[in-house]
**Student:** 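Sharing a structure below in structure tokens format, with a few things to ask.
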Amino acid sequence: MEGMMSMMDGSMMNGPMMGAMMAGGGLVMVLILVLLVLGVAALIKFLRSAR
């Protein structure tokens, strides 16, 4: 991961654009992870209350 980042920093043309795309992808991944965790928590609460 760090190797890729240093390579992107090396190329001035694609550096900023690639960095923005990487940050966007990271944000999307974090959002998906949060949604998954919330969904699991809701499921556990629902199952516990159902019993």
Side-chain angles (χ1 to χ4, degrees):
M1 192 69 176
E2 287 176 13
M4 281 177 61
M5 289 300 277
S6 62
M7 264 178 55
M8 286 176 190
D9 287 347
S11 61
M12 282 306 286
M13 271 306 224
N14 288 341
M17 200 64 181
M18 287 301 225
M21 284 180 72
M22 288 287 288
L27 280 175
V28 170
M29 286 295 293
V30 169
L31 276 174
I32 291 173
L33 277 174
V34 168
L35 284 175
L36 277 175
V37 170
L38 284 176
V40 169
L43 261 178
I44 291 173
K45 278 186 180 179
F46 175 74
L47 288 175
R48 277 190 181 169
S49 66
R51 294 179 184 182

**Student:** Tracing side-chain links under 4.5 Å among I, L, V, M, F, W and Y, which residues wind up in one group with Ile44?
**Tutor:** Val40

**Student:** Which residues pass the side chain to side chain contact (heavy atoms under 4.5 Å, CB included) test with Leu35, not counting sequence neighbours?
**Tutor:** none

**Student:** Got a sec, which residues hit side chain to side chain contact (heavy atoms under 4.5 Å, CB included) with Val34, two or more places apart in sequence or on another chain?
**Tutor:** Val30, Leu38

